[in-house]
Amino acid sequence: MTTNRSIYLDNSATTPLSSAAKEAMIAVLDHYGNPSSLHSAGQEAEAILEKAREEILRGLGLRPRQKDGILVFTSCGTEATSLALFGTAYAKERREANRILTTNSEHPSIARVLECLEKDGFEIIRIPTVGGIPDMEVLRASLDKKIFLATFMLVNNETGALYPVGEMFRTVKRVYPDAITHCDAVQGFMKVPFTPATLSADLVTVSAHKLHAPKGVGALYIAASLIKAKKIVPFLRGGGQEQGLRSGTENVPGIAAFGASVADLRTRKDERSVHVQELYRYAVEKLSPLPLRINQPKGSYLPYILNITLPSIKSETMLHALSADGIFVSSGSACSSHSAHPSDSLLAFGLTTEEADCSLRISLSDMNTKEELDALYLSLKKNLDTLVRIRR
Ligand code: PLP
């Protein structure tokens, strides 16, 4: 259990609940109705869902009554992505096209699904992303009439690299306007300004728990044109909730909290961005004199994620040493902590396996302070001294 004294610098794994999210969740806990029920308890729950849906659509820069697309609630970002990828791959309207473009540094919720589709006969082209920059030459050379889907992440969850997704999708659509475009915006939503139109994205995945809302809620934006052309089919089938695209009773309290959190983040957009940029600059300045390397992306990046490589000290060793001092960071992505396999994202960035094994991710939120970064610096310095001495 984290205490008040702990310093949480693992915000890309998940974020603490904001008071806006917590209050919204508590306020709706007594509305136990099923949003699909026709009586008034059900209608109350449905109204809560719709209010949250409108807030999240506003967060995506869309007017709620705009008919360009819909938002489908899911149980997490991973499920939203599975709906996007399996849902378009198994739609009959895809016909013979079987080529999918992606990058070689996607989150496992994309990478593992694409491996599965590859076994089913789809051809997957992975664009290199050395230094956090997608290779546009390879992208252009991969354009082919067999492409039906391009899926690119907006912000890499381990390095913070911000990919030029709009330019990448437009490069594809200029030649193949019918190609479907999906963006995993889990790490970028409400941090990087974008709309589905500015990205030229037909599908956008977002997740609540990266934005100070609870775990167990994600959402997929789906362009109306895809639904009309029957280019996406449901993945979870059953009661027909979420306009038939995601059956299963919705997590009403979690969704209410997601909506409230997005509304709260919108009102504090500029001040949050200035504060986190300032924290990032401060962290780079503070950590630079230490014997470690900061893996800053060569192109654009999101100042919420700082990846560092330690001098031949396993990231896990340092992670536990920092944790003993009450400071929480992660080694690669939280998801890759389940596997012994070195992080694909870091290898794609250009790190060797050994370097990837010695890398830590420090990820910020606007709740962090410079004093917390001072404490990180002192703990890193002390533990580097000790661990380097032990190694000798
Ligand atoms: N995509 C990215 C870039 C992520 O960082 C994550 C979570 O770490 C996900 C997708 C999956 O989101 P969720 O945890 O809601 O399934």
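A quick note: this is a predicted structure, and the numbers were derived from the prediction, not measured. One-based numbering, in listed order, for ligands and for the atoms of each.
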Novice: Per the side chain to side chain contact (heavy atoms under 4.5 Å, CB included) rule, which among Arg361, Glu106, Lys210 passes with Asn157?
Specialist: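 So the option named by the test is Arg361.
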Novice: What is the ring orientation for Phe169 with Phe152, classed by angle as parallel under 30°, tilted 30 to 60°, or perpendicular over 60°?
Specialist: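 It falls in the parallel class, under 30°.
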Novice: Show me which atoms of ligand 1 lie under 4.0 Å from any heavy atom of Gln187.
Specialist: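 By the 4.0 Å cutoff, the relevant atoms are 3 (C), 4 (C), 5 (O).
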Novice: Please list, chain by chain and in numerical order, all residues satisfying salt bridge (charged side-chain N to carboxylate O under 4.0 Å, His left out) with Glu250, sequence neighbours excluded.
Specialist: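 Checked Glu250 against salt bridge (charged side-chain N to carboxylate O under 4.0 Å, His left out); zero matches.
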Novice: Does Lys145 make a cation-pi contact with Tyr176, if we ask for NZ or CZ under 6.0 Å from the ring centre and within 45° of the axis?
Specialist: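 Judged by the rule, Lys145 and Tyr176 form no cation-pi pair.
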Novice: Check each of Lys210, Glu158, Lys215 against atom 7 (C) of ligand 1 and report the one with the nearest heavy atom.
Specialist: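 Going through Lys210, Glu158, Lys215 one by one, Lys210 has the nearest heavy atom to atom 7 (C) of ligand 1.
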Novice: For the residue pair Phe122 and Phe148, does the interplanar ring angle fall in the parallel (under 30°), tilted (30 to 60°) or perpendicular (over 60°) class?
Specialist: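 Rings of Phe122 and Phe148: tilted, 30 to 60°.
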Novice: Relative to the heavy atoms of Cys76, which atoms of ligand 1 are at a distance of less than 4.0 Å?
Specialist: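 Selected atoms, number and element: 15 (O), 16 (O).
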Novice: Please identify which atoms of ligand 1 are closer than 4.0 Å to at least one heavy atom of Asp184.
Specialist: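 In order of numbering, the contacting atoms are 1 (N), 2 (C), 3 (C), 10 (C).
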Novice: Regarding Thr309 and Ser359, is there a side-chain donor-to-acceptor distance under 3.5 Å anywhere?
Specialist: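 Yes, Ser359 and Thr309 have a side-chain donor paired with an acceptor closer than 3.5 Å.
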Novice: Please list, in number order, the atoms of ligand 1 under 4.0 Å from a heavy atom of His209.
Specialist: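 In order of numbering, the contacting atoms are 13 (P), 14 (O), 15 (O).
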Novice: Is ligand 1 less than 4.0 angstrom away from at least one heavy atom of Glu106?
Specialist: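 False for this residue.
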Novice: Does some non-hydrogen atom of Gly218 fall short of 4.0 Å from ligand 1?
Specialist: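 Under 4.0 Å: no for Gly218.
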Novice: Counting only heavy atoms, which portion of Val186 has something under 4.0 Å from ligand 1: side chain, backbone, both, or neither?
Specialist: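 The part of Val186 near ligand 1 is the side chain, not the backbone.
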Novice: Considering the heavy atoms of Ser109, write down every atom of ligand 1 situated less than 4.0 Å from one of them.
Specialist: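 It comes down to these atoms of ligand 1: 10 (C).
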Novice: side-chain hydrogen bond (donor to acceptor under 3.5 Å, both in side chains) between Thr81 and Thr205: does it pass, once the steps are laid out?
Specialist: CA-CA 6 Å; Thr81 285; Thr205 292; 3.1 Å; yes
Novice: Under 4.0 Å from a heavy atom of Ser207: give me the atoms of ligand 1 that qualify, with their elements.
Specialist: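 It comes down to these atoms of ligand 1: 13 (P), 15 (O).
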